[in-house]
Amino acid sequence: MPIQTVNPYNSKVVKTFDEISDETLESKIATAHKAYQSWKISDIKDRSKLLFKVAEIMRSKKRELAELITLEMGKLIAQSESEIEMCASVYEYYAKNGEAFLKDKPIETTGGKAFVRYSPIGIILAIEPWNYPFNQVARLTAPNIIAGNVVMLKHASNVPQCAQMIQKIFEEAGASEGIFTNLYLAGKRIAKLAEDPRICGMSLTGSEAAGSSMAEAAGKNLKKSVLELGGSDAFIVLEDADIELAVEKAVLGRFGNTGQACTSAKRIIVIESIADEFLEKFKSRITNLKVGDPMDPETKIGPMVSEEALKTIEKQVNDTVKEGAKIVIGGKRIDREGAFFEFTILTDLKPGMTAYKEELFGPVASFYKAKDEAAAIALANDTSFGLGGAVFSKDTNRAINVANQMDTGMVFINESLASRPDLPFGGTKRSGYGRELSALGIEEFVNKKLIRIAD
Ligand SMILES: O=CCCCC(=O)O
């Protein structure tokens, strides 16, 4: 894949970047390794100041950064601005709480004293996706920078200007060279990078295939890794739910970011007795929406990230329809320049169909009726993924009981799933392992060193 900005609104190539040579890569690793030697022993208050400054710069450049996101991957401009806000709040969260999270943890032991100290480990390689080009990077970078690690970023090849901008923001905030380094390189060079003893941890958000090959390289070299992969999250609406609320959140949860999120509410599962009413309201909320330029605040349907992404979802929808599913609304590309796909709802889905078993990474909701709560849970769990989910019910205890039976890393009740700096984020099954954000996110790439003092 060439490293380039292609505007998904009109498919025009805006700017192309060269991959770095092996010599440049070596020199960047050497610089990062050197930076780590002083960063790991720096005062945590200075590390915190750096992150506060990064957050401040991001807020002050919110519009410019949001426009870059929209240019490179087509997100609606208001959603791009929200991403920058969220991203700044992640940097602030670790700037404020990092010191407390990293405090020594005393251990009760017989005779003598003991505690666990969280120490940094070195360079962490972040392999990040295009769908939240600033926020995905923040989630790995903020906890590691405060912990005393340094970060090298291999971003998705279609968001090179976002990647470069993050490095520039760190520089502007006063970070020495090597604290945060953007690398323009192809995915196939990651396996070789994993062999480098100066790279001490690897984190990837992306597809199952990319995750599996990164984990293989990390495992072969005995490196700790974190994986945030795909999802096919269930959005369960029980018969005692507030239907208006559930519909509103389903629209947001499924069609936000043009459906291109690992945690999108890809499978809407509604109890039979209220399913028709829900479906009618759900459909009406996505009917006659304004299609157009994602930079225009009036636009409600913007482009998908690329022609390739559009073709993938178009094929998945066509295959599923051939297999017997029905289209309630949408179902095809929009006849205009750019990677536009109609907001779509599929019904009559059965096990084995394409949309039943695969992740649909675009604006397509799979709608299911379940005869009762147990059937809804069984359906929710009938997937190889285990990222997130949502349950809607006015009875909180009932909803918690349902959440408890869902095989996922996260469940939100009466809300659609969205990350927050203070909540752990991550999955189980084929959605990956490890956690980002919250106090748990800082624990992934630190040496939990035992120190024992004899009596
Ligand atoms: O693809 C991953 C999406 C994460 C969305 C979020 O941060 O809520």
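Both backbone and side-chain heavy atoms feed into the values below; hydrogens, waters and symmetry mates do not. All ligand and atom numbering here is 1-based and tracks the order in the structure. Positions are given from 1, in the same order as the sequence printed here.
Salt bridge annotation for K281-E244: present, with a cationic side-chain nitrogen under 4.0 angstrom from a carboxylate oxygen. By the 4.0 Å N-to-carboxylate-O rule, E67 lies close enough to R63 to be salt-bridged with it. Ionic pairing of E208 and R430 is present here: one or more N-O contacts between side-chain nitrogen and carboxylate oxygen are shorter than 4.0 angstrom.
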Between T205 and E228, is the side chain to side chain donor-acceptor pair (under 3.5 Å) condition met? List the steps.
CA-CA 5 Å; T205 297; E228 304 291 357; 5.8 Å; no

Can you list the steps and then say if I268 with Y368 is a side-chain contact (heavy atoms from CB on, under 4.5 Å)?
CA-CA 6 Å; I268 312 287; Y368 296 87; over 6 Å; no

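The shortest heavy-atom distance from M86 to ligand 1 is not under 4.0 Å. Not a single heavy atom of E228 lies less than 4.0 angstrom from ligand 1.
In terms of polar-atom proximity, defined here as any N/O pair under 3.5 Å, S419 does make such a contact with ligand 1. Here's the thing with L417: none of its N/O atoms is less than 3.5 angstrom from an N/O atom of ligand 1. Between T205 and ligand 1, a contact under 3.5 Å exists for no N or O pair. Inclusion of T263 in the set of residues having an N or O under 3.5 Å from an N or O of ligand 1 is not warranted.
Within the model, atoms OG of S306 and CH2 of W130 stand 7.0 Å from one another, a figure rounded to the nearest 0.5 Å.
Short contacts between ligand 1 and Q136, defined as distances under 4.0 Å to a heavy atom of the residue, involve ligand atoms 1 (O), 2 (C), 3 (C), 4 (C). Of all atoms in ligand 1, numbered sequentially from 1 with element shown, those under 4.0 Å from a heavy atom of A418 are 8 (O). Listed by atom number, the atoms of ligand 1 under 4.0 Å from R139 heavy atoms are 4 (C), 6 (C), 7 (O).
Side-chain polar atoms of T181 and Q167 form no donor-acceptor pair below 3.5 angstrom.
The protein heavy atom nearest to atom 1 (O) of ligand 1 is C262 SG, 2.6 Å.
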